Amino acid sequence: MIKFEQVSKTYPGGHAALKNLSFKIDKGEMIFLAGHSGAGKSTILKLIAGITKPSEGVVRLNQHVLGDLSDNHLGFLRQHIGIVFQDHKILFDRDVLANVMLPLVISGAYSKKDALKRARVAIDKVGLAGKETAMPVTLSGGEQQRLCIARAVVNQPTLLIADEPSANLDRAYALDIMELFSSFHKAGTTVVVAAHDETLMADYGHRILRLQQGRLI
Ligand SMILES: Nc1ncnc2c1ncn2[C@@H]1O[C@H](COP(=O)(O)OP(=O)(O)OP(=O)(O)O)[C@@H](O)[C@H]1O
């Protein structure tokens with residue numbers, strides 16, 4: 001499903017974030033990206049989502065070479081990718097339901113009734129049923145993270161990527177969040193989770209790609 005072929009990424013200013021990476025992730029696989037802060041995990045996720053382009057090499061997603069696609073085509077592909085960003089991107093002036101509905105409203109492909117129904121299903125799946133009308137500021141850190149996951153999966157994406165989804169959470173909550181990703185994987189979604197704490201990944205038996213200073217180790 002995802003293939004990196006000798007991919008390097010150098011940011012403006014000359015910083016080499018990724019150096020000659022080659023790997024693939026199969027459809028339906030769940031995989032962890034591990035490495036210290038600055039190792040290049042977010043850069044890999046941004047390349048997979050087509051948010052940034054490689055400086056060298058090729059990133060393939062379902063046979064598409066992402067660097068060759070128009071913005072329109074990339075936008076279309078991204079509708080099938082659920083992204084949980086590190087900085088949440090929650091809209092704090094709207095309630096939980098409105099936040100989760102947002103991707104469906106933006107896509108314009110759903111009636112309000114259908115969008116509401118799908119949003120409620122996603123909220124239920126992440127364990128936030130009953131919090132639909134809550135404002136995000138009243139949610140705990142773990143609940144805010146669940147909100148982000150609900151918003152990422154509301155489109156029923158085939159690929160779910162998450163950048164440090166359990167950062168700043170107590171260990172028990174962090175493990176709950178990993179469990180949630182695992183449940184989406186069991187339901188058939190391809191899942192890529194970046195995290196620096198490898199102890200959270202240990203119990204799952206999934207492949208771990210370890211990064212150090214932009215290289216796989
Ligand atoms: N837009 C950018 N411009 C310049 N340098 C960048 C940019 N984004 C990332 N970098 C640099 O690239 C390197 C890899 O960053 P990246 O965010 O991919 O690492 P990471 O492993 O995800 O770290 P963290 O866990 O802290 O998010 C870092 O040294 C970072 O400073």
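It should be emphasised that the depicted structure is a prediction, and the values quoted were computed from it without experimental measurement. Whatever order the structure lists ligands and atoms in, that order sets their numbers, starting from 1. Values below: every heavy atom of this structure, side chains too, minus hydrogens, waters and symmetry copies.
- Between Phe76 and His80, the ring planes are perpendicular. Angles over 60° get that label, and only those under 30° would be called parallel.
- Residues Leu116 and Val121 are members of separate hydrophobic clusters, defined by side-chain heavy-atom contacts under 4.5 angstrom among Ile, Leu, Val, Met, Phe, Trp and Tyr.
- Donor-acceptor pairing under 3.5 Å is lacking for the side chains of Tyr173 and Glu143.
- The hydrophobic clustering, which links ILVMFWY residues whose side-chain heavy atoms are closer than 4.5 Å, places Ile149 and Phe92 together.
- Legend: salt bridge (charged side-chain N to carboxylate O under 4.0 Å, His left out) pairs involving residues 208-217, not counting sequence neighbours, sorted by first then second residue: Glu198-Arg210.
- Every protein residue with a heavy atom nearer than 4.0 Å to ligand 1 is included here: Tyr11, His15, Ala17, His36, Ser37, Gly38, Ala39, Gly40, Lys41, Ser42, Thr43, Gln86, Glu164.
- A 4.5 Å side-chain heavy-atom check between Thr199 and Arg171 finds at least one atom pair inside the cut-off.
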